[in-house]
Undergrad: 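Structure below; questions to follow.
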Amino acid sequence: MEERYDPQRVELKWQRYWSERGLYKTELNPSLKKFYCLEMFPYPSGEIHMGHVRNYAIGDVIARYKRMRGYNVLHPMGWDAFGLPAENAAIKHSVHPSEWTYKNIDYMKKQLNRMGLSYDWEREVTTCSPEYYKWNQWFFLKMFERGLAYKKYSYVNWCPSCETVLANEQVIEGRCWRCESAVTQKELEQWFLKITDYADELLQACDELKGWPEKVVIMQRNWIGKSIGVEVNFKIIDMEEKIRIFTTRQDTLFGATFVCIAPTHPLAERLVSDKESLEKVRARYGRMDEKIGLFTGYYAINPMNDERIPIYVANFVLMEYGTGAIMSVPAHDQRDFDFAQKYGIPIRVVIVPEDRMQDAGYKIQDKKSHASCIMHHASSSLIIEKAYEDEGILINSGQFSGLRSDIARQDIAKFIEENGLGKSVVNFKLRDWGISRQRYWGTPIPVVYCDKCGIVPVPEKDLPVILPEDVQVTGKGGSPLLESQEFLNTDCPKCSGRARRETDTMDTFVDSSWYFIRYCFKKGDIDLYSEIRNPKSEIRYWMPVDQYIGGVEHAVLHLLYSRFFIRVMRDLGLINFSEPFRNLLTQGMVIKDGAKMSKSKGNVVDPDYLLKKYGADTARLFCLFAAPPERDLEWSDKGVEGAYRFLNRLWGIVYRNKFDPESSSGRNSKFEINKISNLQTSAMSLYRKTHQTIKRVTTDIEREFHFNTAIAGLMELVNWITSFKPQSDEDLVTLRFAIETVLLLLSPFSPHIAEELWEAIGNKPSIFEQRWPKWDEVAAKEEEIELVIQVNGKLRSKLMIPLGLSDNEIKEVALKEQRIKEIVGGKPIKKVIIVKGKLVNIVTGS
RNA sequence: GCGAGAGUGGCGUAACUGGUAGACGCGCUGGACUUAGGAUCCAGUGGGGCAACCCGUAGGGGUUCAACUCCCCUCUCUCGCACCA
């Protein structure tokens, strides 16, 4: 009886079996090589989407493959469970965020299990549980002790729709990363984590991220944004104060013809008498469409040449970067050039390209002899239409004229320091990480405010500070924590006087900055501190993560924060490594009809529907087959059917060939095909193809996880099997070997059907306790090859020849070939090129 | 503007260090079996030509016996950063 392939039946059967057998439970085992395979955990939004399906299918293939290769594999899953959507849902459907979240987790966990993913659920992490977020608070306290967590009053990014502060990393093109509302600036007192203390190290260590996509490393480098330059003080005429500017182009200092300060610069208020105009400039702060400036009426002195230059307030100068003031060199900065033209400010050339030195009448300064030859004021004849921003030779720059700009940068920096005009500095774009959120559903920041003692951290022994759940989330008037008197009012840990709790909660990115550490231990309320410090701790065995898989959207956010957190933990003496993720795979998006699948675009495909109609094996196979993991995946309903057809075909083959467990092709056959030469030619080729396929699939997986071509290879083998008609017992043994190999190679991709058919042909489950097959190089070798014969680089003929012919023999064979003889005719043969085992190219004269 | 990546059949894609361009899948065409097929199986499928052959990897040059692959120029698309001084 040939059963039909019924994915529902098969998949549920094996999911139950795996779970009952506890097949994916992981234990520390020092005698085995470990492999930590991690996929980014989901936010429990309610249901999984195709991006999850793809992400987790990729991770599961790697985990299962590594397991079969003999690794002790840690493959955990959890929930990034705090966050705003829970509160929004609470407001909309009047359910408690907690209830909503846990219900979603329940459902999504079912969905993940329905996909047949090999997780060890005993290590499940749920970040909204007190036993987890307690350690967020603990880390916070440790950072507070070390001055790495601090509070400051400042302008911060504010999302009016989410009614909360956002970190710089969470503002994308001036909009909220979550709801895309325009972000405004608001002055607030906020908690920050001092990630800038690690800026240099995080940057340096980028070089070590060999297993990361270059693209992500570059994004991290750019985000950290190191620049080396100088700060220079410019005196203000008729005022005590100086303006401190920052520049990386101190070689152009002699060309500075004005100074600009940010509209929010502390001096702006004092220098500008016309407040109305100042407000106008301020209103356009940060707008890139138009550059406007306001002359203050004051002048500064360029300390290099004592020249009097005007001071402007300009909307494009950022208070947040450098000193909030710049010197402007219109000749060598396009932006300054445009500004100077608009406001009629002189433009002075101080650098010329090396090849234009002669026209300008200058000579390169010989550094040693100081033979500075400043001939005449040729600069007046240098008329430029745009700024020259490249390197060149200095002119009009006093003692520095004639120097190459890169050398002048060093010399001038030195000069500035030696003469007390300023100092060399390093600036970073990276800002400290603002973690305060004016929201309810997050980790309470463990701090109290006492009238007498000020800011007092909650003592460790009083952790966790529990987020009260008996509150009403209304969405009106800030966090519900402000309403909870029980939460709000507390005693000061120092003086026992009356105190008030901090009501802001932590950014949820704090939760995800160390969750992969927590997976190293089984779930439950553990004392993480002593667990980590135990010399036999599992963390020493499992960390770092060997393979991390997730979307590229976290290239700077989560990945940078995690790298920071791990370093803080290292400096707390908890761990002895610095990088959490050894290898990173950023999978592409799932695209449909030319756009990313998303609810707002209305082009989503529901995984539930897919799982129900085709089953998990098909869904997984399609996602893995349609594109390599790092590239975008174009959704195709037809393609899914193709994957389904393939599995059906495989199913049919196994049942059609009825392996009698009692016969020689049955369960006792160990495939000792030691007399290969006895096999019929067709069996021989199948046997060879099988070994070739083992090799191909294995190397495709090893080489950058090219699952798409690995699956293509499997399909080829199945095509061979389909056309193979066994005639003898030996043929059957060969066929069985081929089929068993297909099942083993397919098992990481489509685990259920592999397990089912493995059993159906008389093997004992589980297929996942089998070793990954090995190929035999000899058996995989073709005994004949197809020789391609080219004449002058053009394909002219093909010929089957036996393996192992010498170059001379090959040449002879090729030249004797009828068609080649015709083409070559009587032409002289200039050269014959032979590529071993592949082709011959005969080069003739004309 | 800067940085990164990519342009290959009707479509998704393949071709590892230069060596048969188009594996595998989808779609399409024809056939078989069928009351029927949107099921299954078999065959074909880059374009042109009866054919030998010619033309084809965004476009144009170059290196080479040989280029999707290496070099130079141009164009297009995607992603990231974007007044960072």
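Labels below follow one simple rule: chain letters A, B, ... track the order of the sequence lines, proteins then strands, and each chain is numbered from 1. Atoms considered below: every heavy atom in the structure, side chains included; atoms not considered: hydrogens, waters and symmetry mates.
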Undergrad: Which whole number of Å gives the distance between the P atom of rG10(B) and that of rA4(B)?
TA: 33 Å
Undergrad: Rounding to an integer number of angstrom, what distance separates rG18(B) and rU8(B) when you compare their P atoms?
TA: 23 Å
Undergrad: Are Y655(A) and W651(A) close enough that their ring centers fall under 6.0 Å?
TA: yes
Undergrad: Expressed in whole Å, how much space separates the P atoms belonging to rG27(B) and rC79(B)?
TA: 29 Å
Undergrad: For rG80(B), give its Watson-Crick or G-U wobble partner with both distances under 3.5 Å, or none.
TA: rC2(B)
Undergrad: Just call it for Q790(A): base, sugar-phosphate, or nothing, with non-hydrogen atoms closer than 4.0 Å on any strand.
TA: base
Undergrad: If we take the C1' atom in both rU76(B) and rA43(B), what is their distance in whole Å?
TA: 39 Å
Undergrad: Answer yes if the side chains of T699(A) and E702(A) hold a donor-acceptor pair under 3.5 Å, and no otherwise.
TA: no
Undergrad: Ignoring hydrogens and geometry beyond distance, is the side chain of E786(A) in donor-acceptor contact with the base of rU20(B) at under 3.5 Å?
TA: yes
Undergrad: Just checking V552(A): base, sugar-phosphate only, or nothing, at a heavy-atom cut-off of under 4.0 Å?
TA: nothing
Undergrad: Closer than 4.0 Å, any side-chain N/O of S227(A) to the OP1 or OP2 of rA85(B)?
TA: yes
Undergrad: Is the phosphate of rA14(B), meaning OP1 or OP2, less than 4.0 Å from a side-chain N or O of N708(A)?
TA: yes
Undergrad: Testing the 3.5 Å rule here: is there a donor-acceptor pair between the side chains of T252(A) and Y388(A)?
TA: no
Undergrad: Taking rU20(B) as the reference, what is the distance to rU57(B) when you measure between their P atoms (whole Å, please)?
TA: 16 Å
Undergrad: Quick one: are K242(A) and F234(A) in side-chain contact, heavy atoms under 4.5 Å?
TA: no
Undergrad: Look at all strands and tell whether V788(A) reaches a base, only sugar-phosphate, or nothing, counting heavy atoms closer than 4.0 Å.
TA: base
Undergrad: Provide the Watson-Crick or G-U wobble partner of rA36(B), both distances under 3.5 Å; none if there is no partner.
TA: none
Undergrad: Between D338(A) and K291(A), does any side-chain N to carboxylate O distance fall below 4.0 Å?
TA: no
Undergrad: Starting from P on rG25(B), measure out to CG on N648(A) and report it in whole angstrom.
TA: 15 Å
Undergrad: If you look at every strand shown and take non-hydrogen atoms under 4.0 Å, does I218(A) touch a base, only sugar-phosphate, or nothing?
TA: sugar-phosphate
Undergrad: To the side chain of T722(A), which of rC26(B), rC79(B), rC42(B) is closest?
TA: rC42(B)
Undergrad: On RNA chain B, compare the nucleotides closest to L795(A) and V556(A); which residue's is nearer the 5' end?
TA: L795(A)
Undergrad: Kindly say if N719(A) contacts the phosphate of rG25(B), meaning a side-chain N or O under 4.0 Å from OP1 or OP2.
TA: yes
Undergrad: Measure from CD on E389(A) to P on rG1(B) and round the result to the nearest Å.
TA: 13 Å
Undergrad: State the pairing partner of rC50(B); accept Watson-Crick or G-U wobble contacts with both distances under 3.5 Å, and report none otherwise.
TA: none
Undergrad: With rounding to whole Å, what would you report as the distance between rA58(B) and rC75(B) at their C1' atoms?
TA: 8 Å
Undergrad: Base, sugar-phosphate, or nothing for S636(A), non-hydrogen atoms under 4.0 angstrom?
TA: nothing
Undergrad: Do any side-chain nitrogens or oxygens of R796(A) fall under 4.0 Å of OP1 or OP2 in rC54(B)?
TA: yes
Undergrad: OP1 or OP2 of rC26(B) less than 4.0 angstrom from a side-chain nitrogen or oxygen of R645(A), does that happen here?
TA: yes
Undergrad: Taking rU17(B) as the reference, what is the distance to rC70(B) when you measure between their P atoms (whole Å, please)?
TA: 9 Å
Undergrad: Do the two ring centres, one from F339(A) and one from Y312(A), sit under 6.0 Å apart?
TA: yes
Undergrad: Counting any heavy atom closer than 4.0 Å, what does D333(A) reach on the DNA or RNA strands: base, sugar-phosphate only, or nothing?
TA: nothing
Undergrad: With P as the reference atom in both, quote the distance from rA6(B) to rA15(B) in angstrom, rounded to an integer.
TA: 13 Å
Undergrad: OP1 or OP2 of rU20(B) versus the side-chain N and O atoms of K798(A): is any pair under 4.0 Å?
TA: no
Undergrad: If you find the nucleotide of RNA chain B closest to G639(A) and the one closest to D632(A), which residue's nucleotide is nearer the 5' end?
TA: D632(A)
Undergrad: Which part of the nucleic acid does G225(A) contact within heavy-atom distance under 4.0 Å: base, sugar-phosphate only, or nothing?
TA: nothing
Undergrad: Could you tell me whether rG5(B) is syn or anti, where syn means a glycosidic angle within 90 degrees of zero?
TA: anti
Undergrad: Just N and O in the side chain of R335(A): are any of them under 4.0 Å from OP1 or OP2 of rC84(B)?
TA: yes
Undergrad: Could you tell me whether the side chains of T709(A) and D700(A) share a donor-acceptor contact shorter than 3.5 Å?
TA: yes
Undergrad: What nucleic acid atoms does K429(A) come within less than 4.0 Å of, heavy atoms only: base, sugar-phosphate, or nothing?
TA: base
Undergrad: Phosphate oxygens OP1/OP2 of rA14(B): is one of them under 4.0 Å from a side-chain N or O of R631(A)?
TA: yes
